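To start, the structure itself, in structure tokens.
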2 protein chains.
Amino acid sequence: MSESIPAAHHATILEVAKEAGVSKTSVSRYFGDERERLSRQMQARIAAAAKRLGYRPNQMARGLKGGRSQLIGMLVADIRNPFSVAVMHGVEQACREKGYSLLVCNTDNDPAQERDHLNLLASYRIEGLVINAAGQPSRELRAFARQGTPLVLLDRLLSDFEADVVGLDNAQAIDMAIDHLQHQGYDDVLYLSEPVAQASSRQARLQRFQQRMANEPALNGEAHSLDLDNETQRLPDIITAFLARASHSAPAILCGNGNVTLTVAHVLQDQRIPLGSVGLLGIDELEWCSLVGPGITTLAQPTDAIGRAAVQSLLQRLEKPQRQTPPRRTHYQPRLTPRGSTCRPDTTNQCDPVSQERP
Amino acid sequence: MSESIPAAHHATILEVAKEAGVSKTSVSRYFGDERERLSRQMQARIAAAAKRLGYRPNQMARGLKGGRSQLIGMLVADIRNPFSVAVMHGVEQACREKGYSLLVCNTDNDPAQERDHLNLLASYRIEGLVINAAGQPSRELRAFARQGTPLVLLDRLLSDFEADVVGLDNAQAIDMAIDHLQHQGYDDVLYLSEPVAQASSRQARLQRFQQRMANEPALNGEAHSLDLDNETQRLPDIITAFLARASHSAPAILCGNGNVTLTVAHVLQDQRIPLGSVGLLGIDELEWCSLVGPGITTLAQPTDAIGRAAVQSLLQRLEKPQRQTPPRRTHYQPRLTPRGSTCRPDTTNQCDPVSQERP
DNA sequence: TTGTAGGCGTTATCAA
DNA sequence: TTGATAACGCCTACAA
């Protein structure tokens with residue numbers, strides 16, 4: 001009792017019980033789901049005692065007993081990607097509403113960090129896992145699946161790995177992009193993507209692009225994928241070559257995600273190529289897209305909905321853990337925001353070169 | 001053994017002990033810090049058994065017994081703010097390196113959410129708390145402090161609340177901004193800030209601005225603060241009025257943070273005001289700043305260092321919990337990146353209107 | 001409506 | 001070098 005408080009001291013249920021002069025069961029009931037069953041008096045006594053002592057139930061002890069940690073884990077490949085953050089925001093909101101807390105782990109696209117984080121999440125006995133991570137499923141991830149933890153894959157599926165998937169309707173996104181470019185008079189399209197091996201959504205987009213190009217005699221197509229961390233220097237050449245080849249026509253660049261859009265915008269700026277004369281359309285909406293030149297046309301993903309759907313999918317499996325249920329796929333439609341970057345200057349199009357919208 | 005696995009099943013230390021034919025104490029030692037004390041044989045037996053059963057120590061039980069959750073909490077006012085995310089990234093890295101995990105809570109600038117999250121963090125018995133949140137310290141926050149949990153305030157101090165603080169050297173930031181503007185030939189500065197009541201760093205910046213203006217006879221100054229969520233519509237008028245008043249001179253706008261920069265950039269675009277003719281300088285570096293017009297000049301905060309310093313501060317107090325130690329303040333210097341937005345077009349300045357840097 | 005007793009998975013203390 | 005046993009703080013029967 002004469003401790004010097006070596007670390008933070010937390011009141012326990014027993015201390016509250018003593019302070020209130022009741023049994024710890026009653027205190028437990030008060031803070032659990034059975035507050036109703038206690039008499040007015042008792043409730044008041046406990047409330048007062050708890051307040052006096054600054055008592056907070058210990059979630060560790062709770063989880064230990066009931067086996068329910070009330071924790072959802074989320075694996076994010078790159079926390080600095082605004083898209084990931086936006087989805088994460090939706091995930092967190094949904095978790096809160098359902099009484100769960102979210103434990104977010106950023107892997108920085110590093111498999112080693114991913115494994116570490118998965119071990120960590122396992123040690124906290126998370127009840128569900130939202131994954132937005134790279135390439136091959138690790139041993140640790142398979143362990144989660146095997147052992148019955150509900151999983152949801154965000155934006156990308158994992159090869160040879162069954163789980164619910166929530167994300168964009170990639171085929172439709174590509175279709176909308178191509179249709180828009182074509183409608184605006186562009187007839188030669190360069191599709192740029194990050195390495196497709198790392199994410200199925202990239203693969204799906206690329207595949208659809210090639211498929212469409214094969215079926216549209218009026219359009220020319222070309223696709224490249226490159227690693228933005230190490231191969232950015234290749235980009236100027238790729239673009240220059242494309243423009244040279246397409247000099248007789250109306251060229252446009254389609255960016256597979258927000259990172260690509262950012263990088264391409266830098267290259268075009270360096271080369272003093274005005275947006276619009278070369279069309280530019282990016283998948284993923286970014287807050288600054290309307291600020292660059294005449295504005296960059298984008299396809300926005302409904303990030304909030306995607307995040308919420310992921311949690312819903314998780315909870316559904318949590319409530320009825322019948323493993324039989326086949327994996328579900330939920331795909332959302334993108335929203336097109338036309339801006340000046342897909343408005344050809346030599347046409348009499350009606351598009352306002354400076355869009356007036358606000359973030 | 002013939003269970004239908006109603007929920008995820010996790011092997012326990014006892015199961016591993018049985019499987020290996022040893023006592024659970026030994027297994028505990030193996031996974032704790034005393035693996036050395038075990039014989040080679042024993043280590044091998046346990047490793048094999050654990051692997052066979054897919055055993056992971058239960059962090060809940062661990063935390064319960066030892067009182068150490070290995071968890072650091074972080075309160076973020078707005079997770080969608082790139083600055084916050086960048087700092088958070090540094091915090092997380094540092095935590096990992098020190099064997100702690102990070103529990104991030106986004107408050108969306110909502111005091112109610114902040115209280116909820118603080119209760120949550122308390123219930124998980126976090127050992128330290130990094131705070132980047134609004135205005136007045138809540139009762140919950142004071143509870144943390146009173147009860148001895150180490151706290152670090154990020155970017156903003158809280159009124160009437162003692163704790164370590166890590167952030168930008170705000171006075172110097174303002175000085176650097178004003179010096180740069182003045183050197184570039186601007187002589188009338190409009191300072192725009194989000195509401196200062198919510199964050200001490202805003203207050204410090206504003207105060208220094210006014211102080212400098214009072215002491216520089218060659219400069220005209222004017223400051224406004226406004227709530228970007230509800231008062232954005234006031235901004236065009238403020239800027240128009242400023243430009244009208246400053247029509248005879250060389251006007252510049254200084255933005256108190258990244259959000260303000262974004263909003264101001266939109267307004268200037270809407271009003272077709274070219275950057276440079278009106279100077280624009282923003283505190284906080286953003287990935288798109290070099291893309292807008294001739295590029296927006298910024299003062300970057302060393303986000304990673306700030307995040308790491310916060311954790312270091314925490315751990316220091318965790319290791320020697322002598323409450324006597326007075327609060328420490330760590331301030332970092334910003335880095336100026338000059339771009340076209342602070343290059344007056346009518347001068348013979350050498351500044352390249354389009355900066356060539358990459359993100 | 002309230003209280004008692006046992007156990008959740010782990011570590012710490014003691015003994016062998 | 002190992003093992004038995006008692007906590008840690010809470011919840012959930014069961015009993016009163």
Side-chain angles (χ1 to χ4, degrees), chain A residues 3 6-46 49-50 53-71 122-127 147, chain B residues 3 6-46 49-50 53-71 122-127 147:
Chain A
E3 51 191 335
H9 176 74
H10 294 268
T12 74
I13 205 171
L14 187 60
E15 291 171 336
V16 176
K18 273 185 191 160
E19 174 83 12
V22 302
S23 81
K24 49 181 195 156
T25 308
S26 297
V27 180
S28 173
R29 290 201 173 109
Y30 181 83
F31 285 99
D33 290 328
E34 312 179 83
R35 189 173 298 189
E36 318 296 326
R37 287 174 43 178
L38 301 177
S39 67
R40 284 269 171 247
Q41 282 188 49
M42 171 114 337
Q43 292 193 31
R45 295 173 65 88
I46 295 177
L53 271 49
Y55 171 73
R56 306 270 167 224
N58 183 330
Q59 187 64 34
M60 302 273 171
R62 255 188 188 173
L64 184 53
K65 177 59 186 170
R68 309 221 27 194
S69 65
Q70 300 282 92
L71 243 31
S123 78
Y124 280 102
R125 298 299 187 260
I126 56 165
E127 301 182 38
Q147 156 248 70
Chain B
E3 51 192 334
H9 176 74
H10 295 268
T12 75
I13 204 172
L14 186 61
E15 291 170 338
V16 176
K18 273 187 192 159
E19 174 82 13
V22 303
S23 81
K24 52 182 190 157
T25 308
S26 297
V27 180
S28 172
R29 290 199 172 107
Y30 181 84
F31 286 99
D33 291 326
E34 311 180 84
R35 187 173 301 188
E36 319 296 326
R37 287 175 43 180
L38 269 35
S39 65
R40 283 269 172 249
Q41 282 188 49
M42 172 120 324
Q43 291 192 31
R45 294 175 64 88
I46 295 176
L53 271 50
Y55 170 74
R56 306 267 167 228
N58 184 331
Q59 189 63 36
M60 300 276 167
R62 259 188 184 174
L64 182 55
K65 178 60 186 165
R68 307 223 27 192
S69 65
Q70 300 283 93
L71 245 29
S123 78
Y124 280 102
R125 297 299 185 260
I126 56 164
E127 300 182 40
Q147 156 250 69

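These values consider heavy atoms only, across backbone and side chains, with no hydrogens, waters or symmetry-generated copies. Because the structure is a prediction, the values reported are computed rather than measured. Proteins come first, then strands; the chains are lettered A, B, ... in the order of their sequence lines, and each starts at number 1.
- Distance CG (A/Asn58) to P (C/dG9): 16 Å, rounded to an integer number of Å.
- Of all heavy-atom pairs spanning B/Ser26 and B/Leu38, the tightest one is O-CD2, 3.5 Å.
- Counting any heavy atom pair closer than 4.0 Å across all strands shown, A/Met42 reaches sugar-phosphate atoms only and no base atom.
- Between A/Lys18 and A/Glu15, no side-chain nitrogen of the basic residue sits less than 4.0 Å from a carboxylate oxygen of the acidic one, so the salt-bridge criterion is not met.
- You'll find that the side chain of A/Lys65 is closest to D/dG9, out of C/dT2, C/dA12, D/dG9.
- DNA chain D is contacted by both A/Tyr55 and B/Gly21; B/Gly21 maps to the nucleotide lying nearer its 5′ end (nearest heavy atom per residue).
- A sub-4.0 Å separation between OP1 or OP2 of D/dC8 and a side-chain N or O of A/Thr12 is absent.
- In this structure, of C/dT10, D/dC10, D/dG3, it is C/dT10 that holds the atom nearest to the side chain of B/Arg62.
- In this entry the distance linking CD of A/Glu34 with C1' of C/dG3 reads 13 Å, nearest Å.
- Within the 4.0 Å cut-off from OP1 or OP2 of C/dT11, at least one side-chain nitrogen or oxygen of B/Ser28 is found.
- One can place CD of A/Gln70 at 13 Å from C1' of D/dC11, the figure rounded to the nearest angstrom.
- At whole-Å resolution of the value, NE2 in B/His10 and C1' in C/dC8 are 13 Å apart.
- With rounding to whole Å, A/Arg125 atom CZ is found 14 Å from C/dC8 atom P.
- Residue A/Ser26 places at least one side-chain N or O under 4.0 Å from the OP1 or OP2 atom of C/dG3.
- When the nucleotides C/dT11, D/dA4, C/dG6 are ranked by their closest atom to the side chain of A/Lys24, C/dG6 comes out on top.
- Counting only N and O atoms by type, the side chains of A/His10 and B/Gln147 include a donor and acceptor under 3.5 Å apart.
- Across B/Val22 and B/Arg45, no two heavy atoms sit closer than the pair CG1-NE, 4.2 Å.
- Between the B/Ser69 side chain and the B/Arg125 main chain, a donor and an acceptor come within less than 3.5 Å of each other.
- When distances run from any side-chain atom of B/Leu64 to the nucleotides C/dC14, D/dC8, D/dA6, the shortest one goes to D/dC8.
- OP1 and OP2 of D/dT2 both lie 4.0 Å or more from every side-chain N or O belonging to B/Thr25.
- Put simply, the side chain of B/Arg29 and the base of D/dG3 share a donor and an acceptor less than 3.5 Å apart.
- As a whole-Å value, the separation of B/Tyr124 OH from D/dG9 P is 17 Å.
- Atom-to-atom, CG of A/Asp33 to C1' of D/dC10 comes out at 14 Å; the value is rounded to the nearest Å.
- Of the candidate nucleotides D/dG3, C/dG3, D/dC10, D/dC10 has the atom lying nearest to any side-chain atom of A/Ile13.
- Note: CD (B/Glu15) to P (C/dG7) measures 16 Å, nearest angstrom.
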